[in-house]
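A quick write-up on the structure given underneath.
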2 protein chains.
Amino acid sequence: MRRKNERLSLDGHSARPPAIAVTSDRAERALSQRGLQFTPLRRQILDMLIEAGRPLGAYDLLARQRERAGKPFAPTQIYRVLDVLQAAGLIHRLATQGTYVVCDHEHAAGETPVFLVCGACGSVAEAASTAVEQEVEAVAAASGFKPIHPVVEVEGRCAACRAGP
Amino acid sequence: MRRKNERLSLDGHSARPPAIAVTSDRAERALSQRGLQFTPLRRQILDMLIEAGRPLGAYDLLARQRERAGKPFAPTQIYRVLDVLQAAGLIHRLATQGTYVVCDHEHAAGETPVFLVCGACGSVAEAASTAVEQEVEAVAAASGFKPIHPVVEVEGRCAACRAGP
DNA sequence: ACGACGCACGTTATGTTATAACGTATCCAC
DNA sequence: GTGGATACGTTATAACATAACGTGCGTCGT
């Protein structure tokens, strides 16, 4: 069990300009590959997450969508969209926070997403690591467990918050 | 960044006999070290988690405690106890499920707990890995992030569920 | 003695996150 | 034209979590 390489692609989801790595094209492709459509509603929710540039809660999205559309929406509708986007690999759910964030990686197989959550400023950076994947696999193998969906979220302090108060 | 060793201690939290590695003594010590007490209520909640042998939700514990005591309890009370037990390292919260489970390890520093959650039967096994800790540290270091509390939870299939249907 | 403090617990109310269950419309294959 | 899959709408409820304030009790310093 040696690591072969270590790809680290970091992108902040802090107050920075929304680096829209999730393009409409990518979403379109990710969905149609599964026989699903990139409908207006799905586009709107995804856009909100992209524009926010940080994780949002389902009810936050719900409120924004209500404003935006000027008509009522039910939580169910939002959750359905989130489920679809997540299944298509376009967004991730942050389990420790109950929020959702765009995925700006094309995750290769064999890479586990690692979320670095700053407890001070709330920013979230996403990385992808083959080494973490491999070590988790090793731990699981030791008990005959087959990993399907690893979740790695790290609470801590981001570089910016460690520098200044 | 080489791994030094790999300690894997696995224990199932499935339907098996409750291997009570969290003794009253350990709880007593863990709490009094922090100037806290192992009160009857705290003992009862911890016992429930030990006896269950699997993760329970706060409201599940609440219902059990109401039955057990024959009097009303408020969610607040349960959450307070859970907070204390968690701070003392006696239980863990599973973020992906919103449940709580006894910790049967004495976690050494430098070890990250890894939870193996079977999506079929719901059992949860806990392991501790220095290698995972180190790789997470490496990923964080690459962006100047200081890890404080890593969360690693893996959804998958346990050995038993992979064998039989 | 007594006041200040910290811990533990009680109570009421509310906030937040998520799902169940059922109905309607559309498209497309057969 | 019926059956299946996808998408969306609606109502209701479940599950998880915290805020805010009050009570009792022991301990410590003066």
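Any value given below was found using the heavy atoms of this structure, including those in side chains, with hydrogens, waters and symmetry copies removed. Note on naming: letters A, B, ... go to the chains in the order of the sequence lines (proteins, then strands), and numbering restarts at 1 for each one.
- A heavy atom closer than 4.0 Å to some atom of DNA chain C occurs in no member of residues 66-74 of chain A.
- For the pair A/Ala128 and A/His107, the tightest heavy-atom approach, listed with the atom from each and the gap, is CB-ND1, 4.2 Å.
- Listed for the B/Arg157 side chain is no donor-acceptor partner under 3.5 Å among the backbone atoms of A/Lys146.
- One interatomic measurement links the two molecules: CG of B/Leu62 to C1' of D/dT18, which rounds to 14 Å at whole-angstrom precision.
- The stretch residues 29-42 of chain B touches DNA chain C through B/Leu36, B/Gln37, B/Thr39, B/Leu41, B/Arg42, each having a heavy atom under 4.0 angstrom from the strand.
- Looking at A/His92, its side chain never comes within 3.5 Å of a backbone N or O of A/Phe115 through a donor-acceptor pair.
- Atom-to-atom, CD1 of A/Ile45 to P of D/dC8 comes out at 10 Å; the value is rounded to the nearest Å.
- Distance alone, capped at 3.5 Å, is enough to place a donor-acceptor pair between the B/Gln77 side chain and the B/Ala74 backbone.
- Put simply, the side chain of B/Arg42 never gets that close to the backbone of B/Val84: no donor and acceptor are under 3.5 Å apart.
- Side chain of A/Glu133 to backbone of A/Thr112: a donor-acceptor contact under 3.5 angstrom is found.
- Here the C1' atom of nucleotide D/dA15 and the CG atom of B/Asp60 are 11 Å apart, to the nearest Å.
- Rounding to whole angstrom units, CG of residue B/Leu94 and P of D/dA15 are separated by 18 Å.
- In the hydrophobic clustering of ILVMFWY residues, with side-chain heavy atoms under 4.5 Å counting as a link, A/Val151 and B/Val114 come out apart.
- Remark: side-chain polar atoms of B/Arg93 are not paired, donor with acceptor, to backbone N or O of B/Gln86 under 3.5 angstrom.
- Computed from coordinates, the B/Ile78 CD1 to D/dT18 P distance equals 14 Å when rounded to whole Å.
- At a cut-off of 3.5 angstrom, counting only N and O atoms as typed in the model, there is a donor on one side and an acceptor on the other between the side-chain of B/Thr76 and the base of D/dA19.
- Between B/Tyr79 and C/dC9 there is no side-chain N or O to OP1 or OP2 distance below 4.0 Å.
- Between the C1' atom of D/dC8 and the CG atom of A/Leu82 lies a distance of 15 Å, rounded to the nearest Å.
- Residue B/Gln44 contributes atom CD, which lies 13 Å from atom C1' of C/dC9 at whole-angstrom precision.
- Contact check, B/Arg80 against C/dC7: no side-chain N or O comes under 4.0 Å of OP1 or OP2.
- Within the structure, a side-chain polar atom (N or O) of A/Gln77 is placed less than 4.0 Å from OP1 or OP2 of D/dG9.
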A/Asp60 vs A/Arg64, test: salt bridge (Lys or Arg N to Asp or Glu O under 4.0 Å). Steps then yes/no. CA-CA 6 Å; A/Asp60 200 339; A/Arg64 288 169 192 236; 3.1 Å; yes
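- Of all heavy-atom pairs between B/Cys103 and B/Arg26, the closest is O-NH1, 3.0 Å.
- With hydrogens and angles ignored, the 3.5 Å screen pairs a side-chain donor or acceptor of A/Glu153 with a backbone N or O of A/Ala95.
- With hydrogens and angles ignored, a donor-acceptor pair under 3.5 angstrom links the side chain of A/Tyr59 to the base of C/dA18.
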Show your reasoning for whether side chain to side chain contact (heavy atoms under 4.5 Å, CB included) applies to B/Ile45 and B/Ile91. CA-CA 11 Å; B/Ile45 302 297; B/Ile91 65 173; over 6 Å; no
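- Annotation: the terminal axes of the helix from C/dA1-D/dT30 to C/dC30-D/dG1 meet at 20°, where each axis is the rotation carrying the C1' atoms of four end pairs onto the next four (5 pairs per end, rounded to 10°).
- Atom CD in A/Gln97 sits about 14 Å away from atom P in D/dA17, given to the nearest Å.
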